[in-house]
Number of protein chains: 2
Amino acid sequence: MDIDQQIRIIRRGSVDLINEDDLRKKLARGKPLNIKLGCDPTAPDLHLGHTVIIHKLRHFQELGHRVTFLVGDFTATIGDPSGRSETRPALTPEQVSANAETYKRQVFKILDPDKTVLDFNSRWHGSMGAADFIRLGSHMTLARMLERDDFAKRYREERPIALHELYYPLLQGYDSVAMHTDVELGGTDQTFNLLVGRTLQAHYGQEPQCVLTMPLLEGLDGTRKMSKSYGNYIGIDEPAADQFGKTMSISDNLMWRYYELLSAKSLDEIAELRRQVADGALHPKLVKEELAMEIVTLYHGAEAAREARDGFNAVFARGGVPDDAPTWLCQAGDASAPAVFLADSGLAASRGEAKRLVAAGSLSINDEKWNDALSPLPAGSYTIKLGKKRFLLLTVK
Amino acid sequence: MDIDQQIRIIRRGSVDLINEDDLRKKLARGKPLNIKLGCDPTAPDLHLGHTVIIHKLRHFQELGHRVTFLVGDFTATIGDPSGRSETRPALTPEQVSANAETYKRQVFKILDPDKTVLDFNSRWHGSMGAADFIRLGSHMTLARMLERDDFAKRYREERPIALHELYYPLLQGYDSVAMHTDVELGGTDQTFNLLVGRTLQAHYGQEPQCVLTMPLLEGLDGTRKMSKSYGNYIGIDEPAADQFGKTMSISDNLMWRYYELLSAKSLDEIAELRRQVADGALHPKLVKEELAMEIVTLYHGAEAAREARDGFNAVFARGGVPDDAPTWLCQAGDASAPAVFLADSGLAASRGEAKRLVAAGSLSINDEKWNDALSPLPAGSYTIKLGKKRFLLLTVK
């Protein structure tokens, strides 16, 4: 695959690539690159937000590069050495190892296990001596470290920063030196730390790594980031039915975002789906269902996905739109007035019948009674129910 | 010896003792205390300014305590890891060892070799791992470290501070933990670092060390600190004649300071000398000569000291005051007018003869011609010469 195509795939859904020229140079050599993702060795319980980066690693794997998951076990086994924080107890090597296994089980649903290395930074930090530590510190100034948002904030607010905390970003950056990393991935909140790795590699005589940051995935509400604490998440280990139902609940806009960040479909395939929806050839509900199927299949298999879909539609059908409801597309305006689209789509025999049925209270739009036959609906997707048996999946453009 | 007496000896000449209550508690146990002095492993070429602290160690030895010279070889063998400073090349272990031998040769002129331990902090720092380093850093906040004068200044002036530099005071402080130090000595410019040791010992569950700071010794000019770069120093390895002559050149005031800080004489003996000089029983020149003898004897032996004194006096005598010149003390005022003290001391036969001789240009005071017989001299010490053969060592109170 040529470099432009690779760059297009790599950039898909990303926020920042620092920088593209360097990455092109690395790719131009035609050799597999070392891709690194650091992860915390605390007990993982991943939701889809976490998988955005793992899907990106999958892209790199598909492009033939080498992916290493780096478990940051070194500092975890120290815990909070000041003993002030109860939330950071030291982990035993056994706990780290068990957590890594859980992590593997979860991420190997997305990544190819044969092309994924799991490594632990205690391998090199454990044998670092105080002299190595001193040398490491000599490559970074206090002023630069205090540019990191959280340090800057705490310093400004006169909250204590212990000296060892200043070293943590260096240790993380040194991982890239030890691993000869070509590209390191992270969330946008990790940019500072990832750039430390880039700096340190230069100091240690290596070609600096490229940094690729991925966005925080919006949660089901479409506004805040996906997070357990906001309750707007889809967990990897959640039952298939929950995953399916939660996916079906997102907005159409968010659906495209999820496609970009979480789907194995190519950008071209996604563009085609968008086109069909825009043309009215496909109702968004069906596209969303396809996304939900893909997500559940990934974590529970195709069989479980089908069952989840059927279960969901059975419940929904009690509402109840059948699987084979016809779809209809119209322009916002005259054509999107209920009397018009009901007649045009054939759901009602005529505009006159449509008006009478609406006046009689037979129309529901998105499960709500609707009495106005003449005002046009604004652009959007609607589930239309007329009487008890007539359904329409309507898209107003 | 009771604790009050020990405290008096320990406090002699010192600037700060942090704090006396803690030291009294330690002394009250009646066991030998661990006394630490850290020293730089660069090539030593000591002058008397450096020996102020070594004399203080001697006091501790005489009180029965254990003295350890700690050579800070660990960081020296790293040098300047950033490679920015040419003035801090890494020392090889052989260089450190050779420098330590030179150091020993110099300090063992003051200290009792049998009661002095020479240790090297690479012994424990060399086997510290990164985890130990992290823990060490957790005991100190950035804010406190930035209180150190030089860090504060550089940070304010936006000059770079590398992260490892923040760790150096911690490493030095950890030495006290490793050595279970009871009292650490240092110059007043070291107070911050010495207090770090006190803090760390508490964090590591030890009784905190006491900190005793010694002043910077004034140089021969009596104003600026003794320093090679000011040319106002007496070097330990300088020839006996130079040491003697330089000592004789200092002011009377500075002489008492040197006695306090550099002499093996007890405070009581020094007080007695002061009393005799104040009474006019001793001319300050003789007391200064005794100090010069003590200094030269320490570094070159009694024989060399006698030769230096004789050589000095032979040169001075060409000026020339004989060894056995009489001394005279008077009050500032009427009695300190040349006509009066020349007659009263018997150097002139009468006030009349004194006036005539002064008018004839026969009087020199401190080697300068003096024509005023009637104005009193202010308080001070003077070498009086009348004609070619009559001398007087005069003290005006």
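Residue numbers begin at 1 in each chain, while the letters A, B, ... track the order of the sequences. A quick note: this is a predicted structure, and the numbers were derived from the prediction, not measured.
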ask   = At a heavy-atom separation under 4.5 Å, does B:Leu171 approach chain A through its side chain, its backbone, both, or neither?
value = side chain
query = Does any heavy atom of chain A fall under 4.5 Å from the side chain of B:Tyr155, the backbone, both, or neither of them?
reply = side chain
remark   = Comparing B:Met140, B:Arg144, B:Glu158, B:Met128 against chain A, the one with the most heavy-atom pairs below 4.5 Å turns out to be B:Met140
task = Ignoring hydrogens and angles, tell me if any N or O in the side chain of B:His50 forms a donor-acceptor pair with the backbone of B:His47 under 3.5 Å.
result = yes
remark   = If one checks every heavy atom of B:Met145 against chain A at 4.5 Å, the contacting part turns out to be side chain
Which atoms of A:Leu170 approach chain B - backbone, side chain, both or neither, heavy atom under 4.5 Å = side chain
query = Which one, A:Ala131, A:Gly126, A:Ala143, leads in non-hydrogen pairs under 4.5 Å with chain B?
reply = A:Ala131
task = Would you check if the side chain of B:Gln61 reaches a backbone N or O of B:Val67 as a donor-acceptor pair within less than 3.5 Å?
result = no
request  = Using atom types as modelled and distance alone, determine if a side-chain donor or acceptor of B:Arg66 lies under 3.5 Å from a backbone N or O of B:Asn34.
outcome  = no
message = Using only atom types and a distance under 3.5 Å, with no angle test, would you say the side chain of A:Tyr167 pairs donor to acceptor with the backbone of A:Phe133?
response = yes
request  = Name the orientation class of the two ring planes belonging to A:His125 and A:Phe74 (parallel below 30°, tilted from 30 to 60°, perpendicular beyond 60°).
outcome  = tilted
